[in-house]
Asks: 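Just passing along the structure, written as structure tokens.
Proteins get letters first, then strands, A, B, ... in listed order; numbering begins at 1 in each.
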There are 2 protein chains.
Amino acid sequence: VGSERLERAGLDEITADRERGASELARRCLALLAQHARRAPAADADALHAAARAYAHALQGARPSMIPIQNLLERWLASLDAMPRNLEGARSYLESQAHLLIERSRRAVTQAAEHAVALLAPESTLITHSLSSTIREVFRLAAPKGVRAIVTESRPRCEGRALAEHLSTLGVATEYLTDAQMGAFVGQADLAIVGADTVLYDGSAVNKAGTRLLALAARDVGVPFYVCYESPKLCRALPHEVPLEEMAPAELGAPGLAHVTPRNVYFEVTPARLITGWITEHGVCVEWGRTP
Amino acid sequence: VGSERLERAGLDEITADRERGASELARRCLALLAQHARRAPAADADALHAAARAYAHALQGARPSMIPIQNLLERWLASLDAMPRNLEGARSYLESQAHLLIERSRRAVTQAAEHAVALLAPESTLITHSLSSTIREVFRLAAPKGVRAIVTESRPRCEGRALAEHLSTLGVATEYLTDAQMGAFVGQADLAIVGADTVLYDGSAVNKAGTRLLALAARDVGVPFYVCYESPKLCRALPHEVPLEEMAPAELGAPGLAHVTPRNVYFEVTPARLITGWITEHGVCVEWGRTP
């Protein structure tokens, strides 16, 4: 029962989260798996193995469209085979594998951000949309270069506010816009850069609704548009195979009206043809399929 | 003093209004001028003439970037020269000239909407952004054809809600989106259509921020993008000569943060090259400068 309660709390947290990006949530899932490996009641290593596997699958199933959760937990599941056969050893092993993957993922984020920052001239202006832990990292590393930021609120949940708070802390001069103003301001930026929830097999990027608009507006005024992410976000699916999560329409705060259906599709696909470059921990790729 | 109070109330109303479009406000200005001509204290026709002219100029100055206000009030001012020389006759004349211009403007809106509706196949889907009295009229006339609508909330003030209420009353099946979702949904529309606050000398359209994004997204998926307006919205200015009103940043509801400047530029210019056609009371023009 203790194990079930532990698992339920974790699953509820992951299911309900609307704030964190896919990578951050994937790392949180790994932390939950580490905690579970340490604490879950189990008679022996086999029982722990079964419980750990079931919990990892449940966490994957909680957010099926979040590819980093699928990929990072798959890597952790793959490590189960090499698990020691004694219970205490198994607990420590599973815990350390989870922490290793968390650490590797964090390092990939930082490395991807470093490659992005290398593209920036001092005092350049970056425009972004929504919130991404990778983009937070880009700004953390770029702040000493005197960069400026243009950020969008990102309706309906206004994750852009959290980014604005981060930028305020970093002392980065920031303009904060409604999403609708992206087209009017993109011309003032030197570079547009966004994170991604997933990057698909054809190089198109799944990210918060509005990303495609930023890409279109950037291209129209000749501002390069980059996607910056760590490689566990890569996925073998093509755009038509990707389910795009729709959230509660109540988040729009629209009045209930006959014949009127509020829509709240969080994510959209930005096609590869609108993307200037893909930035990962491995470097900058400006032609899809050519690894840097 | 009675006259001053009358004028002040009207000027305050026009200055403060954030709901009505430029044409509706222009008609409201004419109604205020009619009321003023009827009621303003004046010793004789000359005094009335001077007071009416001053009030019209003050109303023009209240919203300098709203071209229909400039144009319709200019027409009304031009009619002052033919004013009868007796006070009662002058009052009636100015009142009826204002009502004539209001009526003509309303008819132009309906005629422009009729030309737009003629483009629509039955049961087609229209996507629009923000609120425009012309687009309200398009939907009123198109509702019997079984059209469907995709509308945006139009942050920060969400004028799209008023449009959704109108569509609900008309029984038009409507999807209501955040502005950020425009790019994801535009492909489901047969036609994109927006009103305009002003149409500039080069055919570019000044309209609520987000219009340019809709035009870009529509072009990208091959959906035609029309601007529908009555001709008093035409203006001899070019894009770089147009002041774009910025409203109170507090409307974004963003927290006050060091280094972060919320921006609230209401309007933006959508260049003529992104516009498929211009629809006025005179018909549909698909090449700028070639009157229909």
Side-chain angles (χ1 to χ4, degrees), chain A residues 129-130 148-156 158 160-161 164-165 167-185 208-217 219-220 244 249 251-255 257-271 274, chain B residues 129-130 148-156 158 160-161 164-165 167-185 208-217 219-220 244 249 251-255 257-271 274:
Chain A
H129 176 63
S130 186
R148 307 169 69 86
I150 304 174
V151 307
T152 55
E153 55 183 8
S154 194
R155 284 272 294 156
C158 297
R161 287 189 194 174
E165 280 163 26
L167 291 165
S168 176
T169 310
L170 294 172
V172 171
T174 299
E175 297 198 283
Y176 178 82
L177 316 178
T178 54
D179 303 320
Q181 288 176 92
M182 277 192 289
F185 279 82
K208 192 62 61 73
T211 301
R212 184 189 177 99
L213 296 174
L214 181 58
L216 284 164
R219 186 181 60 168
D220 192 56
L244 299 171
E251 287 185 359
L252 269 67
L257 294 167
H259 312 291
V260 176
T261 311
R263 298 298 302 271
N264 190 16
V265 182
Y266 262 37
F267 299 105
E268 68 183 354
V269 177
T270 298
L274 300 179
Chain B
H129 176 62
S130 183
R148 306 169 72 87
I150 304 173
V151 308
T152 54
E153 55 182 9
S154 195
R155 283 273 295 158
C158 297
R161 288 191 192 173
E165 280 164 25
L167 291 165
S168 177
T169 311
L170 294 171
V172 171
T174 298
E175 296 197 285
Y176 178 84
L177 315 178
T178 55
D179 303 320
Q181 288 176 92
M182 277 193 290
F185 279 82
K208 192 61 61 75
T211 302
R212 184 190 178 101
L213 296 174
L214 180 57
L216 285 164
R219 187 181 60 167
D220 191 57
L244 299 171
E251 287 185 358
L252 269 65
L257 295 167
H259 312 290
V260 177
T261 310
R263 299 298 305 269
N264 190 15
V265 181
Y266 262 36
F267 299 105
E268 69 182 353
V269 176
T270 298
L274 299 179

Asks: Quick one: OH on B/Tyr176 to CG on A/Leu252, what's the gap to the nearest 0.5 Å?
Replies: 6.5 Å

Asks: Between A/Gln181 and B/Arg263 (side chain of the first, backbone of the second, donor and acceptor by atom type, cut-off under 3.5 Å), is there such a pair?
Replies: yes

Asks: Evaluate side-chain contact (heavy atoms from CB on, under 4.5 Å) for B/Arg212 paired with A/Met182, printing each intermediate quantity in order.
Replies: CA-CA 9 Å; B/Arg212 184 190 178 101; A/Met182 277 192 289; over 6 Å; no

Asks: Output, in order, the C-alpha distance, side-chain angles, deciding distance and verdict of side-chain contact (heavy atoms from CB on, under 4.5 Å) for B/Arg161 and A/Val260.
Replies: CA-CA 10 Å; B/Arg161 288 191 192 173; A/Val260 176; over 6 Å; no

Asks: Given heavy-atom pairs under 4.5 angstrom as the criterion, report whether the side chain, backbone, both or neither of A/Val172 touches chain B.
Replies: backbone

Asks: Count the heavy-atom pairs under 4.5 Å between each of B/Thr174, B/Thr178, B/Val151, B/Val269 and chain A, then report the option with the highest count.
Replies: B/Thr174

Asks: Which value, rounded to the nearest 0.5 Å, describes the distance between B/Leu216 atom CG and A/Leu214 atom CG?
Replies: 11.0 Å

Asks: So which of A/Pro271, A/Gly160, A/Gly210 has the largest heavy-atom pair count under 4.5 angstrom toward chain B?
Replies: A/Gly210

Asks: Tell me which of these, A/Thr270, A/Asn264, A/Leu274, A/Leu170, has more heavy-atom pairs under 4.5 Å with chain B than the rest.
Replies: A/Asn264

Asks: Does any backbone or side-chain atom of B/Glu165 lie under 4.5 Å from a heavy atom of chain A? Answer side chain, backbone, both or neither.
Replies: both

Asks: From A/Arg155 CZ over to B/Leu177 CG, what is the distance, rounded to the nearest 0.5 angstrom?
Replies: 11.5 Å

Asks: Considering only heavy atoms, which portion of B/Tyr266 lies under 4.5 Å from any heavy atom of chain A: side chain, backbone, both, or neither?
Replies: neither

Asks: According to side chain to side chain donor-acceptor pair (under 3.5 Å), who are the partners of B/Arg148, at least two apart in sequence or on a separate chain?
Replies: none

Asks: For B/Glu175, is it the side chain, the backbone, both, or neither that has a heavy atom closer than 4.5 Å to a heavy atom of chain A?
Replies: both

Asks: Specify which of A/Cys158, A/Ala173, A/Pro249, A/Ser154 makes the most heavy-atom pairs with chain B at under 4.5 Å.
Replies: A/Ala173

Asks: How long is the straight-line distance from OG1 of A/Thr152 back to CG of B/Asp179, given to the nearest 0.5 Å?
Replies: 11.5 Å

Asks: Not counting sequence neighbours, which residues clear side chain to side chain donor-acceptor pair (under 3.5 Å) with A/Ser130? List them please.
Replies: none

Asks: Hey, is the main chain of B/Leu257 close enough, under 3.5 Å, to the side chain of A/Ser168 for a donor-acceptor pair?
Replies: no

